[in-house]
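Report on the structure given below.
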Amino acid sequence: SGNHISICGTIESFGRKICVDFSYNRTFTSSKNIALSGSWTKNMRPDYTFSLWPADFSPADAEAQELMVHVHFDAKYRVDYLTDLFGGDDADEEEKQEQRGTWKRADLLKMHAYRDAIRRTQGAYILYPGNDSAARFKGFHEVLPGLGAFVLKPGVGDSDIVKFINDVVVHVC
């Protein structure tokens, strides 16, 4: 926890070579310089960031020339109420919604904050241990820009998020 870990590589799709960086706990520091990576408000640190840019550019040059694309994922695996663990009869409606395994509105609002505050962010998504299907909100008909939520838990297929990441790569290429 608190340590930044990054895995970088390159991929070629549709004849375009792009760099890909998958980061855990990357901090986007506040900066007034719009050519730099970071946030234009306060420091932000999503759990996971998937960044893509043309392989002909360094990450700094891609940021400065508006060629960088960031997609953020924030894990929401927590117990907010004892009834999540032990059950109960007197749960209010929000607590019942949590027990059904859906994402919270407050979590979605945090994704808006990431997308709006971190420069060159095209998407922000919640990862949660739910039972319902993925919820995605597209800004247009393309895969990006967007917000949403993906179910991701042990024993449950990851096909929705795998398809989404592949669609992002195709979209960027």
Side-chain angles (χ1 to χ4, degrees), residues 1-77 103 106-128 133-153 156-173:
S1 177
N3 293 325
H4 174 228
I5 299 170
S6 178
I7 301 169
C8 292
T10 58
I11 187 169
E12 189 169 334
S13 183
F14 294 101
R16 294 191 67 196
K17 193 172 182 181
I18 60 172
C19 292
V20 177
D21 178 64
F22 185 74
S23 295
Y24 171 72
N25 271 345
R26 177 179 173 186
T27 299
F28 291 85
T29 56
S30 177
S31 171
K32 293 182 182 188
N33 185 343
I34 63 171
L36 297 178
S37 173
S39 167
W40 62 276
T41 57
K42 296 289 184 184
N43 290 354
M44 299 276 172
R45 188 170 56 184
D47 291 337
Y48 306 98
T49 299
F50 184 55
S51 302
L52 304 98
W53 66 95
D56 296 338
F57 295 85
S58 71
D61 288 341
E63 288 278 359
Q65 295 188 38
E66 303 277 338
L67 298 172
M68 180 69 70
V69 172
H70 299 296
V71 178
H72 308 291
F73 298 94
D74 219 37
K76 301 300 178 190
Y77 298 94
W103 44 272
D107 295 336
L108 186 62
L109 294 176
K110 187 173 183 180
M111 297 308 99
H112 275 284
Y114 286 153
R115 197 189 71 192
D116 295 343
I118 300 171
R119 291 184 188 94
R120 290 165 275 291
T121 293
Q122 292 294 310
Y125 300 86
I126 303 162
L127 304 175
Y128 69 105
S133 60
R136 290 196 17 231
F137 307 100
K138 298 178 185 178
F140 302 99
H141 66 277
E142 296 91 1
V143 67
L144 295 175
L147 292 166
F150 288 96
V151 173
L152 192 62
K153 63 183 179 180
V156 175
D158 56 4
S159 60
D160 286 340
I161 197 162
V162 168
K163 181 182 181 324
F164 173 73
I165 289 172
N166 285 327
D167 290 347
V168 167
V169 170
V170 168
H171 178 80
V172 170
C173 284

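Along the sequence shown, the residues carry numbers beginning at 1. Every heavy atom of this structure was used, including side-chain atoms; hydrogens, water molecules and symmetry mates were not.
Side-chain N or O atoms of Asp74 include one that pairs as donor or acceptor with a backbone N or O of Asp47 at under 3.5 Å. Remark: side-chain polar atoms of Ser39 are paired, donor with acceptor, to backbone N or O of Thr41 under 3.5 angstrom. Using modelled atom types, no side-chain atom of Arg115 and backbone atom of Ala124 make a donor-acceptor pair closer than 3.5 Å.
Expressed to the nearest 0.5 Å, how far CG of Leu147 lies from NZ of Lys110 amounts to 14.0 Å. Here Tyr114 contributes atom OH and Ile126 contributes atom CD1; the two are 10.5 Å apart, rounded to the nearest 0.5 Å. Residue Trp40 holds its CH2 atom at 15.5 Å from CG of Asn33, rounded to the nearest 0.5 Å. Between Ile11 atom CD1 and Cys19 atom SG the span is 11.0 Å, to the nearest 0.5 Å. Distance check, rounded to the nearest 0.5 Å: CG of Leu127 to CD1 of Ile161 gives 5.0 Å. The distance from atom NZ of Lys76 to atom CG of Asp107, rounded to the nearest 0.5 Å, is 4.5 Å.
Every pair passing side chain to side chain donor-acceptor pair (under 3.5 Å) that includes a residue from residues 164-173 is listed here, sequence neighbours excluded: Lys163-Asp167.
Of all heavy-atom pairs spanning Asn43 and Ser30, the tightest one is OD1-N, 2.7 Å. In plain terms, the two heavy atoms of Pro59 and Trp53 that are nearest each other are CG-CZ2, 3.5 Å. For His72 against Thr49, the heavy-atom pair with the smallest separation is ND1-OG1, 3.0 Å. Closest of all the heavy-atom pairs between Leu144 and Val168 is CD1-CG1, 4.0 Å. The two residues Asn3 and Asn25 come nearest to each other via the heavy atoms O-CB, 3.3 Å. Residues Met44 and Ala117 come closest through the heavy atom pair CE-CB, 3.7 Å.
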- request: Run the numbers on Phe164 and Val71 for side chain to side chain contact (heavy atoms under 4.5 Å, CB included), then give the verdict.
  value: CA-CA 11 Å; Phe164 173 73; Val71 178; 4.1 Å; yes

message: Test side chain to side chain contact (heavy atoms under 4.5 Å, CB included) on Ser13 and Ile18; report intermediate values, then the result.
response: CA-CA 8 Å; Ser13 183; Ile18 60 172; over 6 Å; no

- prompt: How far apart are the C-alpha atoms of Val151 and Tyr128, what are their side-chain angles, what is the distance that settles it, and do they pass the side chain to side chain contact (heavy atoms under 4.5 Å, CB included) test?
  reply: CA-CA 5 Å; Val151 173; Tyr128 69 105; 3.4 Å; yes

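Between Pro54 and Gln65 the shortest side-chain heavy-atom distance does not fall below 4.5 Å.
Phe57 pairs by the ring pair (Phe, Tyr, Trp, His ring centres under 6.0 Å) definition with nothing, not counting sequence neighbours. Scored by the side chain to side chain donor-acceptor pair (under 3.5 Å) test, Ser6 finds Asp21 as partners (sequence neighbours excluded). Taking Arg120 as the reference, Glu63, Glu66 meet the side chain to side chain donor-acceptor pair (under 3.5 Å) condition, with sequence neighbours excluded. Legend: residues meeting side chain to side chain donor-acceptor pair (under 3.5 Å) with Ser58, ordered by chain and number and at least two apart, are Asp61. Residues that satisfy the ring pair (Phe, Tyr, Trp, His ring centres under 6.0 Å) test with Phe50, not counting sequence neighbours, are absent from this structure.
Between Tyr24 and Tyr48, the ring planes lie tilted relative to each other; the angle falls in the 30° to 60° range. Ring planes of Phe28 and His70: perpendicular class, angle over 60° (limits at 30 and 60°).
Other residues, nucleotides and ligands contribute only 12 or fewer heavy atoms inside 6.0 Å of the CD1 atom of Ile34. More than 12 heavy-atom neighbours from other residues, nucleotides or ligands sit within 6.0 angstrom of NZ on Lys153.
Checking His4 against Thr27 by side-chain atom types alone, no donor-acceptor pair falls below 3.5 Å.
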